[in-house]
Peer 1: 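Here it is, the structure in full.
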Amino acid sequence: MPPPWLKPLEVDRLAGTEADVDFAIPLAELPGLRSLRDGVTGSVSGSVHFAREQGLAIAEIAVRGTVTLECQRCVKPMQLPLETVARVVLIGSEAEAGRVPADLEPVLAEGGRISIGELITEELLLMLPIVPLHADGSPCAAEPEPAAHGGASETHQPFARLDELLKR
Ligand SMILES: [Zn+2]
C-alpha cells in the first residue's frame, strides 16, 4: 500500500472542514525533491492545517526534522535541522495566482487536488539552499580547493565555481 502522504487530497473538502493532517515523510521517497536536490535524505514530520479565508484555500504547514544534503565543497553529508511554519494558498490553476495576496505564497494544486508529499516538496524547495555548503568554521570551509579531497567528481565542479563567484 502506498504511504498516505502520496495520496492526492481534495483541497476544497479539506479547507471546508478545516482538516488537520499529520505526516511523517522520508525525504528520499519524495520524487520531486530527489530530482532537484541531489542526494537528499533525512525525514520530516509535522502537520498541515487547512482553512478557507476570503474564498481562498489556505494551508498552514508546520514541519520539523533533519534534512541531509550533500555539501558542494567537500561532497560530504551536511545536516540541516529544520523547524518552520509556513502559510500558503492552494490554487487550482495558474490563472488563479492573480487572486493571491502578495504576502502569501501560491502553491499549485492541479485540478484542486494535491498530496501532502507534493505540498511538502514545494515548501522544502523554497527553504533548502540551492548550493548547500558547510558553515564557516567547519573543517571543510578551511580548505580552499574542493579537489584537494580527491573525492570531488566532475559534476560538482560547476557548483564549487559558482560558490567562488558568489563570494566575490
Ligand atoms: Zn563541506
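Numbering of ligands and ligand atoms starts at 1, following listing order.
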Peer 1: List for me each residue that meets side chain to side chain contact (heavy atoms under 4.5 Å, CB included) alongside Pro3, sequence neighbours excluded, and say none if there are none.
Peer 2: Trp5, Leu6
Peer 1: Rounded at 0.5 Å granularity, tell me how far CG in Leu108 sits from CD in Glu122.
Peer 2: 8.0 Å
Peer 1: Restricting to under 2.8 Å, identify the protein N, O or S atoms around the Zn ion (ligand 1) as residue plus atom.
Peer 2: Cys71 SG, Cys74 SG, His134 ND1, Cys140 SG
Peer 1: Could you check whether any side-chain N or O of Arg64 sits under 3.5 Å from a backbone N or O of Leu82, counting only pairs where one atom can act as donor and the other as acceptor?
Peer 2: no
Peer 1: Looking only at atom types and distance, does a side-chain atom of His134 sit under 3.5 Å from a main-chain N or O of Arg73, one as donor and one as acceptor?
Peer 2: no
Peer 1: Determine whether a donor-acceptor pair (N or O, by modelled atom type, separation under 3.5 Å) exists between the side chain of Gln79 and the backbone of Pro77.
Peer 2: no
Peer 1: Hey, is CD on Glu83 packed in by over 12 heavy atoms from elsewhere, all under 6.0 Å?
Peer 2: no
